[in-house]
Trainee: 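Please see the structure below; I have some questions.
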Amino acid sequence: MLRIHFIMICWMLLFVLTTTCVSAAATPASDLSILPTAVRHISVSSQEELEAAIKTARPGEHIILEDGEYGELIVTCSGRQGEPVIVRARNTLGAKVTKVEIQGHDAWVIGVDVINGGAAKLTGARGRISSSRFHTPGTAIQVTASATGSIVDHNEIASQATPQSEYWDGILMTQNTVNMHVFRNYLYGANAGKFNEAIVTSHTTSVRTQQTGNIIEYNLIENWHNTRAISTKSGGNIIRFNTCIDANEIVNRSGVNNHYIANWIEGDLRIHDEGQVIIGNKVIGGTIRVASGNQPPATPDYIPAKDTLVVGNDGILEVGFNFAASDIHPAVNTRIEAHKGQIKLGRHVGTTISEVTDMEVPTPIKLTPADVGPFAPTAPRSLVMAYAELQVGNILLPITAESAEYVVRLPFGLTAPPEIKAVSPEELRLSKLMDPAATVQIRQAAELPGEAVVEVADADGKLLHQAKIRLEKAPPAVDFLFDGTVATEAAPGALLHTVKDNIAIGLKVDGPDWMIRRVDLELVPIVMGDKVESERRTLYSGNQPVNAVLDVYAVEDGTYELHARLESIYGHVSERSATLLVDAWTELNDELEPPVETWFFGLMQRNKTVRESAGWQYATDQPEAFFGDSTRRVRSAAGPGPEFLIWEAAGLWEFELVVYTRDVQVEKAVELAVSAAASADDQSWQVLPYVCETAETSAAGWQKQMLRGRLPDAATSAAVKYFRFTISEGYAPGDIQLGRVILIHKGKK
């Protein structure tokens, strides 16, 4: 009891320290959001210039990447603690590279777009990869043991489909990586692969007792299927305020004395090993699992949870959860306080439960894509020395000695110039003032587009700097409207919409209709990943507002690119694309298979008809005479009346039948019809025209006839309930044989 009491005191002290750190990390204007002031800026615009700048870079210098492509980014230079060398894109994601390696110490890379499936690797101490984008089939960011004290933040990491034999990690801290800070990253879309782990503290369980001290916080992990959102295999880590949506589980695979605090988890939280602290987590659609184990601590594998503190969590809690059938070692000494939700007890020893707690329980936050990634408000930014910092509408603009002319692009729909005012010294966000005593005079623009003039004078009224600000309109921002609702993004910048019926397509533009000169809306099929330009069709061409309908009766099921192009009266051109998955049609394929005798169910019928006349039998003989078709329907006798087969086919649009004949005029012998009646027994049928073509003739003299057709219009199709095939009277049993029926109808389940 004394030992357990001592452990509880340690836990409480650790929690006090943890909540103090949480408050500091939650501050938007933390030190990590402001880049250190550069001792010198070096602008580069080519791979050669970049490599030369890296070779000669000194501590505190910023290498600025202009927009463009640079190939591999290998940072071999080093800075000093507090004075890192920073390689950053002038415009976030405007600089594109194929790979990032940070080999030097105190070297940072900010704001690059890593293309062509490239990845990043940090090997130098106190490195940083921030505000960058990855779309890779392998591990996106790897941090080695030598990269102690490094930072990975505000990155966007999207997976690519990988074979089931492959491993895919978003952010991987290899063995013995210590004092890492991983925060505000957006990881999403891992749908394939053997093990998809978004964030991993160690790739081996052999360091379970090492206190690596990594902090993983405020990350959003979304649509992360198959395995683990966050996997911990070392000790002394803090995992807090993360959001996991459709992301399977967070797991303490191994590692002692880890803290899981106020995470929002739409999945499971699974805990193994000793001394874990689980506080304030919200678990939806899953379970908090304090697990039993299949190995004792001396042989790390799935170690049973021991001395676990579970306080103020919300969700189903299971103590002694068996991860595998071999988990024979119970969860030991679990302490539960102030739990909200059902508690289940499995294989456990020494569990205590209290309805109250003396500990402070933080509240989890459900993060959104706007809270994380390269463009989040908390993303790092650079402070510049400026004469003044101006607010132009919602835009902040430092006025520096480097430039006498600025261009500010304002929202397209703005019709009047915004007010321009100087930001007070205590409210500065982007700048440090070169002369806090200077005064600023602003001559506002009279119209938009237009020009404003800024004059900066010293305390004696002497002109220090004059600058012009050109106010222009940005190109119009465009969103698709599907049936009047703004289309949402499946991932940032990616629109995927499934179409199961006719939809009205419109456009939402951030400006009045009179500002739009022309709109073109086109649909292009995509086959095997390539656009079929020869089948591009125009859905709309004219002025706003767009009023177009995608008619699923006019297209086949498949993938299409929907492309909009807008031209404004100011000459702007904006384009927007969406991927449409048309999935509107159901195909009934009846091969006319005879009943089959089964050992368990007896005679099992396989017919797909809902009603048929009595004069039918199955033909399975001589398949070689019927082009390999061994399952056919034929008349059983030459009765006095017609024989029919009826299928349910609600919303029928198109049909194709295979009929075999010898010396028969099919159009006189076969009638096809549809009915809108509520029952197949009703006699109200509408005869359908069809086209009959002879496909081929067998050596036995049988002709393979293809009967094809479609409904005359969408209204008739929508009313259809049943389809009927009829052979007229007067034909012998072998004259006409039905080989296959394909009915394509709308209304996919």
Side-chain angles (χ1 to χ4, degrees), residues 500-502 525 535 537 550-558 582-592 607-613 616 626-627 629 631-635 642-677 679-680 682-697 702-731 735-748:
K500 293 186 176 294
D501 206 341
N502 292 0
E535 297 184 22
R537 68 177 70 189
L550 175 58
D551 183 0
V552 295
Y553 289 93
V555 299
E556 298 179 353
D557 277 1
V582 178
D583 190 24
W585 301 99
T586 295
E587 180 177 297
L588 182 149
N589 189 343
D590 193 348
E591 295 286 354
L592 309 172
N607 62 306
K608 296 180 181 179
T609 56
V610 294
R611 188 167 179 261
E612 54 187 67
S613 57
W616 290 98
F626 298 92
F627 313 95
D629 191 342
T631 57
R632 309 179 302 279
R633 298 297 297 270
V634 300
R635 294 178 64 127
E643 301 291 348
F644 62 85
L645 300 167
I646 298 175
W647 291 264
E648 186 175 4
L652 178 68
W653 177 242
E654 197 170 345
F655 53 86
E656 178 182 283
L657 293 84
V658 175
V659 173
Y660 306 107
T661 65
R662 280 195 299 199
D663 302 323
V664 170
Q665 189 173 352
V666 174
E667 290 84 348
K668 291 185 177 181
V670 173
E671 177 189 272
L672 305 180
V674 292
S675 173
S679 169
D682 291 345
Q683 299 302 308
S684 54
W685 293 91
Q686 176 184 342
V687 176
L688 290 177
Y690 60 86
V691 175
C692 179
E693 297 177 348
T694 302
E696 50 189 327
T697 303
W702 286 97
Q703 292 182 323
K704 184 178 183 179
Q705 309 278 8
M706 308 299 297
L707 282 57
R708 298 186 178 96
R710 64 170 45 177
L711 276 291
D713 52 59
T716 305
S717 168
V720 168
K721 297 293 190 299
Y722 299 97
F723 175 82
R724 185 180 70 183
F725 169 86
T726 304
I727 297 179
S728 302
E729 61 182 327
Y731 291 91
D735 288 348
I736 303 170
Q737 303 200 23
L738 180 61
R740 185 179 66 210
V741 177
I742 297 176
L743 305 177
I744 299 174
H745 54 96
K746 195 157 72 68
K748 200 172 278 286

Trainee: Quick one: closest heavy-atom pair of Phe725 and Leu657, and the distance?
Mentor: CD1-CD2, 3.7 Å
Trainee: How close do Ala584 and Asp557 get, heavy atom to heavy atom, and via which atoms?
Mentor: N-OD1, 2.9 Å
Trainee: Can you pull out every salt bridge (Lys or Arg N to Asp or Glu O under 4.0 Å) where at least one residue sits in residues 686-696? Sequence neighbours excluded, please.
Mentor: Glu693-Arg708
Trainee: Identify, with sequence neighbours excluded, every residue that meets ring pair (Phe, Tyr, Trp, His ring centres under 6.0 Å) alongside Phe723.
Mentor: Phe655
Trainee: Is there a donor-acceptor pair closer than 3.5 Å between any side-chain N or O of His745 and the backbone N or O of Ala649?
Mentor: no
Trainee: Is the closest basic N to carboxylate O distance between Glu591 and Lys608 below 4.0 Å?
Mentor: no
Trainee: With sequence neighbours excluded, tell me which residues meet side chain to side chain contact (heavy atoms under 4.5 Å, CB included) with Ala695.
Mentor: Lys704, Met706
Trainee: Test side chain to side chain contact (heavy atoms under 4.5 Å, CB included) on Val658 and Leu738; report intermediate values, then the result.
Mentor: CA-CA 6 Å; Val658 175; Leu738 180 61; over 6 Å; no
Trainee: Not counting sequence neighbours, which residues clear side chain to side chain donor-acceptor pair (under 3.5 Å) with Asp501? List them please.
Mentor: Lys746
Trainee: From Glu648 CD over to Tyr722 OH, what is the distance, rounded to the nearest 0.5 angstrom?
Mentor: 5.5 Å
Trainee: As an exercise, state the distance from CG of Asp583 to NZ of Lys500, rounded to the nearest 0.5 Å.
Mentor: 4.0 Å
Trainee: Quick one: does Val664's side chain get under 4.5 Å of Ile736's, heavy atoms only?
Mentor: yes
Trainee: So which atom in Arg740 and which in Leu592 form the shortest heavy-atom distance, rounded to 0.1 Å?
Mentor: N-CD1, 3.8 Å
Trainee: Less than 4.5 Å apart, side chain to side chain, heavy atoms only: is that true for Val670 and Leu707?
Mentor: yes
Trainee: Would you check if Gln737 and Val659 make a side-chain contact, meaning some heavy-atom pair closer than 4.5 Å?
Mentor: no
Trainee: What distance separates Leu645 CG from Arg633 CZ, expressed to the nearest 0.5 Å?
Mentor: 5.5 Å
Trainee: Residues two or more places apart in sequence or in another chain: which of them pass side chain to side chain contact (heavy atoms under 4.5 Å, CB included) with Asp551?
Mentor: Asn502, Tyr553, Ala554
Trainee: Of all residues at least two apart in sequence or in a different chain, which pass the side chain to side chain contact (heavy atoms under 4.5 Å, CB included) check with Ala677?
Mentor: Ser675, Asp682, Ser684
Trainee: Which residues satisfy the side chain to side chain contact (heavy atoms under 4.5 Å, CB included) test with Asp629, sequence neighbours excluded?
Mentor: Phe626, Thr631, Arg632, Tyr660
Trainee: Nearest 0.5 Å please: distance from the OG1 atom of Thr726 over to the CG atom of Leu672.
Mentor: 8.0 Å
Trainee: For the pair Trp702 and Thr697, evaluate side chain to side chain contact (heavy atoms under 4.5 Å, CB included) and give the outcome as yes or no after the intermediate values.
Mentor: CA-CA 6 Å; Trp702 286 97; Thr697 303; over 6 Å; no
Trainee: Starting from the C-alpha separation in whole Å, work towards a yes-or-no answer on side chain to side chain contact (heavy atoms under 4.5 Å, CB included) for Leu652 and Ile744.
Mentor: CA-CA 6 Å; Leu652 178 68; Ile744 299 174; 5.7 Å; no
Trainee: Who are the side chain to side chain donor-acceptor pair (under 3.5 Å) partners of Ser613, not counting sequence neighbours?
Mentor: Trp616, Glu643
Trainee: May I ask you to test the Glu654-Leu743 pair for a side-chain heavy-atom distance under 4.5 Å?
Mentor: no
Trainee: Check whether any side-chain N or O of Trp653 sits under 3.5 Å from a backbone N or O of Asp713 as a donor-acceptor pair, and report yes or no.
Mentor: no
Trainee: Work out which heavy atom in Pro712 is nearest to a heavy atom in Thr716; give both atom names and the distance.
Mentor: CG-OG1, 3.9 Å
Trainee: Return the set of residues passing side chain to side chain donor-acceptor pair (under 3.5 Å) with Gln703 (not counting sequence neighbours), or none when no residue passes.
Mentor: Gln705
Trainee: Please list all pairs meeting side chain to side chain donor-acceptor pair (under 3.5 Å) that have one or both residues in residues 662-671, counting only residues at least two apart or in different chains.
Mentor: Glu671-Arg724
Trainee: My understanding is that only residues two or more places apart in sequence, or in another chain, count here; which of them pass side chain to side chain donor-acceptor pair (under 3.5 Å) with Asp590?
Mentor: Trp647
Trainee: Hey, could you give me the CG/OG1 distance between Asp735 and Thr661, rounded to the nearest 0.5 Å?
Mentor: 9.0 Å
Trainee: Give a yes or no answer on whether the side chain of Ser717 reaches the backbone of Leu711 with a donor-acceptor pair at less than 3.5 Å.
Mentor: no
